[in-house]
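First the structure, in the form of structure tokens, and then the observations on it.
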Amino acid sequence: MTSPSYPRIYAVVRRIPRGRVASYGQIAKLAGIPGRARQVGYALHALPSGTRLPWHRVINARGAVSPRAHPDEMVLQRLLLEKEGVRFDAGGRTWWSRFGWHPRTRKRLS
DNA sequence: TTTATGGCTGTCA
DNA sequence: ATGACAGCCATAA
């Protein structure tokens with residue numbers, strides 16, 4: 001079925017409210033492609049520069065900003081999150097219990 | 001086509 | 001806690 005996963009991923013990411021964060025795995029699952037967290041990362045990496053997608057609200061399962069090829073992006077991501085009120089500890093990790101995104105019972109609207 | 005590489009994740013030592 | 005391994009599979013070369 002050639003289901004384009006990128007649009008789905010983007011659709012899910014777009015729902016993350018301000019001041020909240022979600023993990024790649026969570027996004028993948030909500031997008032209907034569980035187990036493809038890596039592809040979520042790819043999809044976000046492929047975003048155009050002028051995007052309004054809150055890609056910075058997506059972090060890894062450890063609750064920290066994932067180290068990327070360009071250190072600047074990593075810093076920017078954390079900066080944007082802190083700007084929204086998300087706080088990190090000394091280890092650069094955040095609290096899922098507090099800033100984690102808790103989506104409601106969402107059945108796929110297909 | 002085959003290989004290599006990833007903005008990941010979970011498990012085990 | 002950290003580090004190594006193994007699955008997952010889309011993209012690029």
Side-chain angles (χ1 to χ4, degrees):
Chain A
M1 57 185 174
T2 16
S3 40
S5 42
Y6 277 29
R8 291 181 163 202
I9 292 171
Y10 296 151
V12 174
V13 173
R14 197 173 318 233
R15 302 192 216 183
I16 305 175
R18 200 137 80 43
R20 293 280 159 124
V21 293
S23 73
Y24 295 98
Q26 186 180 359
I27 296 301
K29 190 174 181 180
L30 292 173
I33 54 174
R36 292 178 217 188
R38 247 172 166 166
Q39 266 47 317
V40 172
Y42 265 121
L44 296 181
H45 187 208
L47 285 169
S49 36
T51 184
R52 294 179 220 87
L53 211 66
W55 60 273
H56 55 271
R57 293 179 194 148
V58 184
I59 59 183
N60 63 29
R62 292 171 160 176
V65 174
S66 223
R68 325 183 281 3
H70 295 270
D72 302 344
E73 295 297 299
M74 185 175 129
V75 174
L76 171 65
Q77 179 170 10
R78 177 163 168 177
L79 216 61
L80 289 171
L81 287 176
E82 292 183 319
K83 195 167 160 188
E84 295 187 344
V86 177
R87 300 208 264 133
F88 296 84
D89 63 14
R93 310 203 343 194
T94 190
W95 294 266
W96 286 114
S97 54
R98 182 157 181 185
F99 303 107
W101 177 40
H102 303 279
R104 313 216 162 185
T105 50
R106 52 186 67 299
K107 293 298 188 130
R108 321 224 38 282
L109 307 171
S110 72

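Letters go in sequence order (proteins before strands), and every chain restarts at 1.
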**Prompt:** Out of B:dC8, B:dG7, B:dT9, which nucleotide sits closest to the side chain of A:Arg38?
**Reply:** B:dC8

**Request:** Using whole Å, report how far CG of A:Leu76 lies from P of B:dG7.
**Result:** 16 Å

**Under-4.0 Å side-chain N/O to phosphate OP1/OP2 contact, A:Tyr6 with C:dT11** = yes

**Request:** Please state how far atom CZ in A:Arg62 lies from atom C1' in B:dC8, giving the value in whole angstrom units.
**Result:** 10 Å

**Prompt:** Does some side-chain heavy atom of A:His45 sit less than 4.5 Å from a side-chain heavy atom of A:Trp55?
**Reply:** no

**Value in whole Å for how far the C1' atom of C:dC8 lies from OH of A:Tyr42** = 12 Å

**Item:** Candidate nucleotides C:dA10, B:dT9, B:dG7, ranked by approach to the side chain of A:Arg36 - the nearest
**Value:** C:dA10

**Prompt:** In whole angstroms, how far is the C1' atom of B:dG7 from the CG atom of A:Leu80?
**Reply:** 14 Å

**Item:** A:Val12 and A:Trp101, any side-chain heavy atoms less than 4.5 Å apart
**Value:** yes

**Complete:** Taking a pair to mean Watson-Crick or G-U wobble geometry with both distances below 3.5 Å, C:dG3 pairs with B:dC12

**Item:** A:Tyr24 OH - B:dC8 C1' separation (whole Å)
**Value:** 8 Å

**Complete:** Any strand, both distances under 3.5 Å, Watson-Crick or G-U wobble: C:dC8 pairs with none

**Request:** Answer with base, sugar-phosphate or nothing: what part of the nucleic acid does A:Val58 contact at a heavy-atom distance below 4.0 Å?
**Result:** base

**A:Arg18, A:Arg57, A:Arg20 screened by side-chain hydrogen bond (donor to acceptor under 3.5 Å, both in side chains) with A:Glu84, the one that passes** = A:Arg57

**Message:** Can you measure A:Gln26 atom CD to C:dC8 atom P for me and round it to whole angstrom units?
**Reply:** 21 Å

**Asked** A:Asn60 has an atom CG; how far is it from atom C1' of B:dG10, in whole Å?
**Response** 13 Å

**Prompt:** Would one find a side-chain N or O of A:Arg93 under 4.0 angstrom from OP1 or OP2 of C:dA1?
**Reply:** yes

**Asked** Please give, in whole Å, the distance from C:dC8 P to A:Ile33 CD1?
**Response** 15 Å

